[in-house]
2 protein chains.
Amino acid sequence: MMSTATIISQLKRSGDRLTENRLKLINILAATSQPLSVLELVKKNSSQPHKTTVYRELAFLLKNNLVEEIIFNDGIKRYEISSQHHHHLVCTNCKKISKIAAKKICHHAAAQLKKTGYIINNHSMEFFGICPKCQNK
Amino acid sequence: MMSTATIISQLKRSGDRLTENRLKLINILAATSQPLSVLELVKKNSSQPHKTTVYRELAFLLKNNLVEEIIFNDGIKRYEISSQHHHHLVCTNCKKISKIAAKKICHHAAAQLKKTGYIINNHSMEFFGICPKCQNK
DNA sequence: ATCCATGCAAATTTTTTGCATTTGT
DNA sequence: ACAAATGCAAAAAATTTGCATGGAT
């Protein structure tokens, strides 16, 4: 995962502003392992920025590849700090979202997909199940 | 993919009504290889059912496992007749959506995921790229 | 000072709900 | 006849846009 320091220096380098909202949003995203929705990002922010601002800020960070957007099967967009290629594992009981380093899985899928003749630029994979903790309840 | 005949006989067996909307919706879904959104399903229907009806009908068909719901990265829900386990390949240029028989890909992913200790009940995989036709333009 | 970011209101889009009416069996 | 399906209006939820103001450099 990109560190906040890396993100901030990248923003400085490209001449982008370091506003309070921007910095707080980055800190909140960096402080959690869970992808967060816009609503959650508003709530978690002590200075309660307007949701419009959060939407616009996320669009900015997305455009600069500093955050990634994921949509699970509830249709809500969630955001996380950019990091090495990975996928998600969601516990449908406690809702915890874990990352899965994707190398092995993707290599294999890529090989299969090559046969289609498509130039594959992107893909998403999400796995849903019950985490070990929830299995013991 | 389930045939419309199979679907209809299943509905009869379980005592569910064969309404005009229901039959038309099933026919529209069966006649295309593309997963369709609610809006598209309303437009494609010559008797122009109310969108509320389409939502409710899809919920009914979903509950009975006769259709499947997919969400791509635009966040819009799309529906298709249930069929053997598969994933989707989306051309980001012409928007065509193809099915990918998923057996080989999933076997491998499942083996990797077992190590997490989760009981995996479901997963989704979508691939995005440029189809052969669009590559030659 | 300039440009970008912000807040607010309002519009859009997708989906859901309540209720009275119609339709399938 | 009865239960389920339908249409309409309205509400809800997520997201986007316009515009005037405030803030970072």
Side-chain angles (χ1 to χ4, degrees), chain A residues 4 7-29 35-64 66-80 95, chain B residues 4 7-29 35-64 66-80 95:
Chain A
T4 64
I7 293 173
I8 290 169
S9 68
Q10 180 172 325
L11 289 171
K12 276 184 185 163
R13 210 178 319 122
S14 51
D16 290 306
R17 289 185 187 173
L18 303 176
T19 63
E20 193 192 333
N21 276 329
R22 180 162 295 164
L23 294 172
K24 272 203 177 170
L25 184 58
I26 292 165
N27 279 323
I28 291 168
L29 286 169
L36 299 174
S37 69
V38 170
L39 198 65
E40 289 166 335
L41 286 166
V42 170
K43 280 190 198 152
K44 283 210 174 207
N45 193 320
S46 54
S47 47
Q48 300 270 119
H50 199 273
K51 63 185 183 223
T52 303
T53 305
V54 175
Y55 275 107
R56 281 195 273 231
E57 192 52 43
L58 287 167
F60 167 86
L61 294 171
L62 211 47
K63 191 185 67 189
N64 289 280
L66 299 173
V67 302
E68 295 172 54
E69 183 184 80
I70 327 128
I71 302 187
F72 296 110
N73 54 13
D74 61 2
I76 293 173
K77 291 174 181 169
R78 290 183 174 78
Y79 301 86
E80 62 185 356
K95 312 300 177 195
Chain B
T4 64
I7 293 174
I8 290 169
S9 67
Q10 180 171 325
L11 289 172
K12 276 185 185 162
R13 209 177 321 123
S14 52
D16 289 306
R17 288 190 189 171
L18 302 178
T19 63
E20 193 192 333
N21 277 328
R22 180 162 295 163
L23 293 173
K24 272 205 175 165
L25 185 56
I26 292 166
N27 279 324
I28 292 169
L29 286 169
L36 299 174
S37 69
V38 168
L39 198 65
E40 289 165 335
L41 286 167
V42 170
K43 280 189 200 152
K44 283 211 171 205
N45 192 318
S46 54
S47 47
Q48 298 270 119
H50 200 272
K51 62 185 182 223
T52 303
T53 304
V54 174
Y55 275 108
R56 282 194 274 231
E57 193 51 43
L58 288 167
F60 166 86
L61 295 170
L62 210 48
K63 191 185 68 189
N64 289 280
L66 299 173
V67 302
E68 295 173 55
E69 182 185 81
I70 328 128
I71 302 187
F72 296 111
N73 54 15
D74 61 3
I76 293 174
K77 292 174 181 169
R78 289 182 175 79
Y79 301 84
E80 63 184 357
K95 311 300 177 196

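Because the structure is predicted, anything quoted here is derived from the model rather than measured.
- Rounded to an integer number of Å, the gap from B:Glu57 CD to C:dT17 C1' is 17 Å.
- Heavy-atom minimum distance, B:Val67 versus B:Leu58: CG2-O, 4.1 Å.
- Rounded to an integer number of Å, the gap from B:Leu36 CG to C:dT14 P is 14 Å.
- Every side chain to side chain donor-acceptor pair (under 3.5 Å) that B:Asn45 has, sequence neighbours left out, goes to B:Ser47.
- In terms of heavy atoms, A:Arg22 sits closest to A:Asp16 at NH1-CB, 4.0 Å.
- Rounded to an integer number of Å, the gap from B:Leu23 CG to C:dT23 C1' is 13 Å.
- Between the NZ atom of B:Lys24 and the C1' atom of D:dA5 there is a distance of 16 Å, given to the nearest Å.
- The interatomic distance linking B:Arg22 (CZ) with C:dT22 (P) rounds to 20 Å, in whole Å.
- Summarising the geometry, the separation between CD on B:Glu40 and C1' on C:dT15 is reported as 16 Å, rounded to the nearest angstrom.
- Residue B:Leu62 contributes atom CG, which lies 12 Å from atom P of C:dT15 at whole-angstrom precision.
- Taking atom CD1 of B:Ile71 as the reference point, atom P of D:dA13 lies 17 Å away to the nearest angstrom.
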Heavy atoms under 4.0 Å is the rule here; annotate nucleotides 16-25 of chain D 5' to 3' with B where the base is hit, S where only the sugar-phosphate is, and - elsewhere. BBBB---BBS
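- Taking five base pairs at each end of the helix from C:dA1-D:dT25 to C:dT25-D:dA1 and finding the rotation axis that steps the C1' atoms of four pairs onto the next four gives two axes whose angle is 30°, to the nearest 10°.
- Considering every non-hydrogen atom in both A:Asn73 and B:Ile71, the closest pair reads O-CD1, 3.5 Å.
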